Amino acid sequence: MKMMNCKDATRLMSERYERTLSVRELLSLKVHTAMCKGCSNYGQHLDVLRQATARLREGDTGGER
Amino acid sequence: MNKPSAQSASPPWDDASIVAIRRDMLRFARMQLRDSGAAEDMVQEALMAAMTSAKGFAGRSAFKTWMFAILRNKIVDHIRASAREIPATSLVGERELDAGLEDFDVLFDRRGLWNPEDRPATWSDPEASFEQDAFWTVFDLCMNKLPEHIARVYTMRELLELDTAEICAELGITSNNCFVILHRARLGLRECLENRWFQGEGR
C-alpha cells in the first residue's frame, strides 16, 4: 500500500468534517499523523478553525467592550 | 424605556447593547455576503424583526444567540432566493472553480510533503487569541483573502451550518467539488492565520 503523503492527509482531515471516512482511510491517516508533526498540528488547527467559526456564529468575538 | 420589573424578560434594547451587537452581526454578515450594502440590510432587518417580536427570547444570556439565529435565517433565505434568481452556473462557474484550486499546491513538494517553510507549527493557546479583538481583525482579513467562490462555500458550511448536500445543490456543483473547495478554504485560512497571527504571537 502506498504511503500517505501530507497532501492526501490534509485533504482527508478536511473531509472528515463532511463525510464518514472508511476504516482504511482512518487508519492510514492515524499512521501518517503519528509520524508527521506538521500534519498532526494541521489537524489541531482545523479544530481551532471550527471553534473560531462557532464563536462567529454566536457573536462571541473579542472581549467585553 | 427601562422598566425594572420587565428587565429579566425583555431583550436589552439600550443604545450601547444595540451598537455592540450590531457590530458583531455586521462582521458575521459581511463575512458571509462579501457585500457591505447587503450585509447592512440583513442586519437591519434582523434587528427590526427581533425588536418587534420577543418571541423565542429566553433571557439576557441567550440574547446574542437568539439575535444571531434570526440573522442566520435571514441570510439563508436571502441566499436561497438569489440561487433561484441567478442560474447556479453563474454563481460558481466551472472555470472560476478550477482557477484558485491549484494555488495551494505550492505548499507541498513534488512528493506531496510539506515544504519546510509551510509546515504547520504549534499554535499556543488559541482560546486566548479568541478573546482579542486584533485576532478577529486578522481572521476577517484572512477570510477576505480567500477567492470569493471558495469563501462563499466555506461560510455557507461553517457560518450558516448548511450541510454539504444542500450547498452543492444550491450552487449546482458536485459533492466532490464541494469537498475540494472546503479543503482549499481550510488550507488557505490556516496558512494565513499562522503567518499573520500565530507566528507573531506576543507582539
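From a predicted model like this one, the values you see are computed outputs, not experimental measurements. Below, chain A is the first sequence line, B the second, and so on; all start at residue 1.
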B/R119: salt bridge (Lys or Arg N to Asp or Glu O under 4.0 Å) partners, not counting sequence neighbours: none
From B/S124 atom OG to B/F198 atom CZ, the distance as rounded to the nearest 0.5 Å: 8.0 Å
Pairwise side-chain contact, B/E127 with A/Q51, heavy-atom cut-off 4.5 Å (strictly under): yes
Which atoms of A/Q44 approach chain B - backbone, side chain, both or neither, heavy atom under 4.5 Å: neither
Side chain / backbone / both / neither for B/M31 at chain A, heavy atoms under 4.5 Å: side chain
Pairwise side-chain contact, B/D24 with B/M67, heavy-atom cut-off 4.5 Å (strictly under): no
Heavy-atom contact with chain B under 4.5 Å, split by part of A/L56: both
Residues in side-chain contact (heavy atoms from CB on, under 4.5 Å) contact with B/D163, at least two apart in sequence or another chain: B/A165, B/E166
B/L71 portion near chain A, given a 4.5 angstrom heavy-atom threshold: neither
A/C6/A/C39 sulfur gamma separation below 2.5 Å: no
Selection from B/F135, B/F139, B/F108, B/Y154 maximising heavy-atom pairs under 4.5 Å formed with chain A: B/F108
B/R186 versus chain A, the contacting section by heavy-atom distance below 4.5 Å: both
Atom group of B/A69 that falls short of 4.5 Å from chain A, counting heavy atoms: neither
